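Keep in mind that this is a model prediction, so the values were computed, not measured. Computation of the quantities below employed the complete heavy-atom set of this structure, encompassing side-chain atoms and omitting hydrogens, waters and symmetry-equivalent molecules. Letters A, B, ... mirror the listed sequences (proteins, then strands); counts begin at 1.
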2 protein chains.
Amino acid sequence: MDAQEAKDKFIQNWGALGTVWGINRTMAQIHALLMISPKSLSADEIMEALQISRGNANINIRSLIDWGLVYKELKPGDRKEYFISEKDMWVVVRQIIVHRKKRELDPMLRVLDEITNSKVPEDSEEAIALNKTIRDIKLFSSKADSILEVLVKSDSNWFVGTFLKMIK
Amino acid sequence: MDAQEAKDKFIQNWGALGTVWGINRTMAQIHALLMISPKSLSADEIMEALQISRGNANINIRSLIDWGLVYKELKPGDRKEYFISEKDMWVVVRQIIVHRKKRELDPMLRVLDEITNSKVPEDSEEAIALNKTIRDIKLFSSKADSILEVLVKSDSNWFVGTFLKMIK
DNA sequence: TGTAACTTTCACAATTATTTGAAAGTTCAA
DNA sequence: TTGAACTTTCAAATAATTGTGAAAGTTACA
């Protein structure tokens with residue numbers, strides 16, 4: 001396998017993985033491309049490498065910046081913007097967790113609270129089961145939330161080290 | 001809010017959450033419906049409650065069984081199959097992790113191994129960066145894998161308890 | 001066996017998500 | 001200011017996913 005082939009394979013697969021992680025294919029591919037690029041790339045270079053349109057490139061680069069996975073780099077004396085990716089896997093995963101927690105877990109918890117606070121009368125077996133399910137999810141989520149908080153705030157080495165010690 | 005309204009709201013939102021978690025809307029809705037149902041339901045009851053077709057109900061019920069989130073229940077003297085869901089949130093999340101790890105993480109790691117084993121010549125800055133990225137991802141994944149293994153094998157109370165103690 | 005009750009399959013339809021590309025907007029050096 | 005270089009937007013096109021429903025398949029029991 002030559003270098004180009006290996007690169008393509010990596011980008012393709014990272015893209016496929018992204019789709020099942022709530023990250024669209026192009027966004028994940030741009031991220032893959034930047035992760036394996038030793039230097040920052042311009043929008044045009046990204047469009048060229050992945051054969052995508054300007055609009056598509058623009059939107060997905062912005063999303064990546066939004067997620068904290070890609071940074072802008074301005075070169076003095078050049079009007080173009082260049083992009084460089086976060087390369088520390090720990091930080092990458094952390095950013096994804098933070099972002100998705102905010103986008104998905106939090107709204108769900110809001111809905112559950114809304115239902116809880118509206119005091120659905122427990123006048124049927126069904127209503128009781130609903131309330132119990134909601135209580136369970138909230139309890140579980142608050143635990144998951146604490147764990148994710150720690151995970152997000154801690155340093156990779158500390159976390160993995162302590163964790164692996166704990167299970168011995 | 002009455003009980004029906006609360007139920008619908010819960011089902012709708014659980015469905016929406018599913019879509020961003022690699023689980024399709026209907027599959028998540030059926031799961032929600034079963035989670036808040038104190039008794040097992042037949043395919044017809046599910047179709048009726050969610051207003052979906054027989055084919056759709058069938059396929060998604062099978063997937064849920066596949067994921068280990070729903071169980072068949074056979075009532076003596078009744079040819080129909082009834083379905084009941086896993087209600088322990090810890091088990092639900094665990095099953096999802098197991099299933100997705102198998103479906104997503106493992107194939108990615110296979111691709112990375114394939115690239116590594118094909119010995120891409122490190123004859124350019126790019127090829128070096130690619131190899132480094134792949135090494136990093138593999139290192140990270142193997143750590144994540146150990147952690148998930150423990151998480152999957154352990155009991156909820158033990159896990160959360162030990163974890164929260166550890167971070168104090 | 002025959003047949004009624006139930007489950008599964010699958011071609012096509014509907015829906016949803018993504019991408020394109022051209023036009024509008026912005027920025028900055030002259 | 002102007003206009004060239006660059007970025008952003010968005011309506012329409014395309015692609016991908018999901019859902020439908022009727023027909024085929026399966027099963028159990030008379």
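Taking for each of Lys72(A) and Ile23(B) the nucleotide of DNA chain D with the nearest heavy atom, the 5'-most of the two is the partner of Lys72(A). Nearest-nucleotide mapping onto DNA chain D: of Asn24(B) and Arg79(A), the residue sitting toward the 5' end is Arg79(A). Take the nearest nucleotide of DNA chain C for Asn60(A) and for Tyr82(B): the residue whose nucleotide is more 5' is Tyr82(B).
In this structure, CE of Met27(B) is placed 16 Å from C1' of dG19(D), rounded to the nearest angstrom. Atom-to-atom, CG of Leu74(B) to P of dT27(D) comes out at 13 Å; the value is rounded to the nearest Å. The interatomic distance linking Arg25(B) (CZ) with dA16(D) (C1') rounds to 15 Å, in whole Å. In this structure, Lys80(B) atom NZ and dA5(C) atom C1' are separated by 9 Å, rounded to whole Å. Rounded to whole Å, the distance from CD on Glu45(A) to C1' on dC6(D) is 14 Å. Per the geometry, CG belonging to Asn56(A) stands 12 Å off C1' belonging to dA15(D), to the nearest Å. Lys75(A) places its NZ atom 17 Å from the C1' atom of dA5(D), with the value rounded to the nearest Å. Atom CD1 in Ile52(A) sits roughly 11 Å away from atom C1' in dT20(C) (whole-Å rounding).
Of all nucleotides listed (dC6(D), dT20(C), dT7(C)), dT7(C) comes nearest to the side chain of Ala43(B). In the set dG19(D), dC10(D), dG21(C), the nucleotide with an atom closest to the side chain of Ile59(A) is dC10(D). Checking dT20(C), dT9(C), dC6(D) against every side-chain atom of Asp78(A), the shortest atom distance belongs to dC6(D).
For the OP1/OP2 pair of dT19(C) and a distance below 4.0 Å, the side-chain nitrogens and oxygens of Thr26(A) include at least one atom meeting the criterion. Taking only side-chain nitrogens and oxygens, Arg62(A) comes nearer than 4.0 Å to OP1 or OP2 of dT8(D). Under 4.0 angstrom from either OP1 or OP2 of dT7(D) there lies no side-chain N or O belonging to Asn58(A).
Cluster annotation: Ile97(A) and Leu105(B) are assigned to the same hydrophobic cluster (Ile/Leu/Val/Met/Phe/Trp/Tyr, side-chain heavy-atom contacts under 4.5 Å, transitive).
With contacts defined as side-chain heavy-atom distances shorter than 4.5 Å, the pair Val98(A)/Leu148(A) does not qualify.
Taking the six-membered ring where tryptophan is involved, the planes of His31(B) and Trp14(B) are tilted, since the angle between them lies from 30° to 60°.
With no hydrogens or angles considered, no side-chain donor-acceptor pair links Ser40(B) and Lys72(B) at under 3.5 Å.
The main-chain N or O of Val70(B) is never found under 3.5 Å from a side-chain atom of Ser85(B) such that the two would form a donor-acceptor pair.
No N or O donor and acceptor, one from the side chain of Arg54(A) and one from the base of dT8(D), sit under 3.5 Å apart.
Nucleic acid contact class of Asp44(A) (heavy atoms, under 4.0 Å, all strands): none.
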